[in-house]
*Asks:* 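Below is a structure I'd like to ask you about.
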Amino acid sequence: MRKINDILKQCAVIEVIGDNDRLVSGLAFDSRKCTDGMAFFAIRGTQVDGHDFIDKVVEQGTKVIVCEHIPSVMADDVTYYVVDDTAKSLGYAASEFYGRPSEKLRLVGVTGTNGKTTIATLLYRLFFNAGYPCGLLSTIENRINDIVIPSTHTTGDQLQINEMLSRMVEAGCEYAFMEVSSHAVDQDRIAGLRFEGGIFTNLTHDHLDYHKTVAAYRDAKKKFFDNLPAKAFALTNLDDKNGMVMLQNTKAMKKTYSLRTDADFKGIVMESYFDGMEMKVNGRNISTLLVGRFNASNLLAIYGAASLLGMDDDDLLKEISRLQSASGRFQMVHSKSGVVGIVDYAHTPDALKNVLDTINDIRTHNETLITVAGAGGNRDAAKRPEMAEAAVTRSDRLIITSDNPRNEDPDEIIRQMRSGVGGEHYNKVLCITDRREAIRTAVALSKKGDIILVAGKGHENYQEIKGVKYHFDDVEELSKALNEK
């Protein structure tokens, strides 16, 4: 049990009504998880307002309410704390409740549209393989040293993050690397965390269903850098037009990386193959198992962050040469048929361009490149025709299929995608709603030496249809179809 006053000492409390010396056993913002002895934080969400559930949690035995406005009817034996922003207050309270774990770790956050998972995951692998105890918070999985904890979101909520960081501290971790989504920044899910560094990858069309405008999406990313402390580093991608925007108001040490221009961490791709690249980074030669210019950019961010964290340059170069791509990121699927299979998480127009441009840079163009791609339901619909246009102009054949339709009609999503296909490319396109059938059709159309890209789901092992998640793994499906060919 902890005193609520101690837990809220970093929060901007406006008013306290009731006994201000209560003990609480835990914190909650979900009324279904708020039990007797816990403090309830009434947060205004995108779908519901926690203030509407105050009476319910009081009936369940809750004696401490943290809210932005007092309910019209107050219970006599309940203490109400009024704050400006309950979401932000929960972040600071969660940090305090779990013993300020982010201050006991060297925590690095990675934000941007594409590359977050790869950079966070490979930084974790780099340091862990070099002998440093460390943790990971990512889209694919969370890790505490070599223990894997399944992940449900790119960035968890305030309680999940701090609970996970506290477990890392208990396990002796020195470093932690986490993805920081724009939603998490906007919703103050990272409030109260102390970062030692922040990395910006890029900003392209995504999540406008939530942010509404590109400017709002950009500003959510920027807010992360605005709040970095002076002792932290802010590492940004100069090759993205928003790269320097991220550094405009930060107090942190400003550092840059680039494949195109002079930067603190400058890279040049010398040779590129389907199984790796030869690069120069700040004049030093690197052989890497990663593939493509987008991964060359990711590698620069990894190199830069590790250098800024103090890793010895020789150790860094040695460990970088051993790194393999994160699951579902340009993942090669080998087969006896001689067809080259690739699975990638690319689910934005820019990510599709990057992956297909990489393939086109490496291929001989004497073979056929077949792309299988879809778009998720209940998400930004404006990017759907752009995704199809990006894919069809860079592929010899395009099969538009279902991704995670969620609660939308998959055929309508496919129709919207197809609207982005110009007349001159129309005959290159097939529309097959069943994703398994689409993958098998791509394999049936291929011959030895051809290339098949299955894009959109990457590491995901499910397909969500009408609220139900069914097992579906692109790597499994493509591998099975190729080896049956």
Side-chain angles (χ1 to χ4, degrees), residues 44 46 84-85 87-88 90-92 95 102 107-120 123 137-139 153-158 161 177-258 260-261 263-265 294 297-298 300-302 304-305 308 348-351 379-380 382-383:
R44 299 178 191 274
T46 55
D84 272 337
D85 187 324
K88 184 177 290 185
L90 178 59
Y92 283 100
S95 173
S102 65
L107 176 63
V108 176
V110 188
T111 195
T113 306
N114 304 314
K116 295 189 299 295
T117 300
T118 294
I119 293 171
L123 274 169
L137 296 168
S138 81
T139 301
H153 292 82
T154 298
T155 310
D157 63 51
Q158 297 92 323
I161 294 169
F177 304 98
M178 70 178 287
E179 294 185 52
V180 177
S181 69
S182 56
H183 293 69
V185 180
D186 187 62
Q187 296 167 9
D188 285 311
R189 284 187 253 150
I190 59 169
L193 299 182
R194 189 188 72 183
F195 288 89
E196 180 146 339
I199 302 170
F200 172 73
T201 64
N202 49 60
L203 192 136
T204 62
H205 189 152
D206 202 14
H207 301 306
L208 298 194
D209 55 316
Y210 176 86
H211 293 289
K212 307 306 179 188
T213 67
V214 173
Y217 179 39
R218 177 202 64 212
D219 290 346
K221 302 286 188 190
K222 183 176 177 295
K223 180 181 174 184
F224 170 55
F225 292 92
D226 291 348
N227 291 330
L228 287 176
K231 291 182 179 179
F233 66 81
L235 178 61
T236 195
N237 182 6
L238 281 185
D239 297 337
D240 187 279
K241 65 182 181 181
N242 290 290
M244 291 307 293
V245 174
M246 298 297 141
L247 304 186
Q248 284 176 351
N249 302 108
T250 188
K251 298 181 289 293
M253 175 175 59
K254 301 175 182 179
K255 294 292 180 178
T256 59
Y257 65 95
S258 175
R260 298 177 190 163
T261 187
D264 295 299
F265 303 99
F294 63 97
S297 184
N298 292 337
L300 284 176
I302 293 162
L308 292 166
T348 67
D350 191 66
R379 297 293 187 270
D380 184 2
K383 71 181 182 183

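These numbers come from a predicted model, not from an experiment.
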*Asks:* Gln187 and Ala87: which non-hydrogen atoms are nearest, and at how many Å?
*Replies:* O-CB, 3.6 Å
*Asks:* Sequence neighbours left out, what passes ring pair (Phe, Tyr, Trp, His ring centres under 6.0 Å) with Phe195? Give chain and number order.
*Replies:* Phe224
*Asks:* Please list, chain by chain and in numerical order, all residues satisfying side chain to side chain donor-acceptor pair (under 3.5 Å) with Asn242, sequence neighbours excluded.
*Replies:* none
*Asks:* Assess, by modelled atom type and distance only, whether the side chains of Asp264 and Thr256 contain a donor and an acceptor separated by less than 3.5 Å.
*Replies:* yes
*Asks:* Within the side chain of Glu179, is there an N or O that forms a donor-acceptor pair under 3.5 Å with the backbone of Thr139?
*Replies:*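 Here the side-chain-to-backbone pair exists.
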*Asks:* Whether the side chain of Thr113 engages the backbone of Thr204 through a donor-acceptor N/O pair (distance < 3.5 Å, no angle test) should be reported.
*Replies:*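 Confirmed, Thr113 side chain pairs with Thr204 backbone.
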*Asks:* More than 12 heavy atoms of other residues, nucleotides or ligands under 6.0 Å from NZ of Lys231: yes or no?
*Replies:* no
*Asks:* Would the distance check show the side chain of Asn237 and the main-chain N or O of Phe200 forming a donor-acceptor pair, the cut-off being under 3.5 Å?
*Replies:* no
*Asks:* Any chance CZ of Arg260 has more than 12 other-residue heavy atoms, nucleotides or ligands included, within less than 6.0 Å?
*Replies:* no
*Asks:* If you apply the rule side-chain contact (heavy atoms from CB on, under 4.5 Å), what do you find for Met178 with Ile161, and how did you get there?
*Replies:* CA-CA 10 Å; Met178 70 178 287; Ile161 294 169; 4.2 Å; yes
*Asks:* Carefully, step by step, assess Phe265 and Leu235 under the rule side-chain contact (heavy atoms from CB on, under 4.5 Å).
*Replies:* CA-CA 10 Å; Phe265 303 99; Leu235 178 61; 4.0 Å; yes
*Asks:* Applying salt bridge (charged side-chain N to carboxylate O under 4.0 Å, His left out), run through Lys383 and Asp350 and close with a yes or a no.
*Replies:* CA-CA 10 Å; Lys383 71 181 182 183; Asp350 191 66; over 6 Å; no
*Asks:* Could I get the full list of ring pair (Phe, Tyr, Trp, His ring centres under 6.0 Å) partners for Phe177, not counting sequence neighbours?
*Replies:* Phe127
*Asks:* Please check if atom NZ in Lys88 has more than 12 non-hydrogen atoms from other residues, nucleotides or ligands closer than 6.0 Å.
*Replies:*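 Incorrect, the count does not exceed 12.
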*Asks:* What heavy-atom pair brings Met253 and Leu308 nearest, and what distance separates the two atoms?
*Replies:*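 Closest pair (atom of Met253, atom of Leu308, distance): CE-CD2, 4.0 Å.
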*Asks:* Can any side-chain N or O of Asn202 pair as donor or acceptor with the backbone N or O of Asn114 at less than 3.5 Å?
*Replies:*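 The answer is yes, because a donor-acceptor pair under 3.5 Å joins these two groups.
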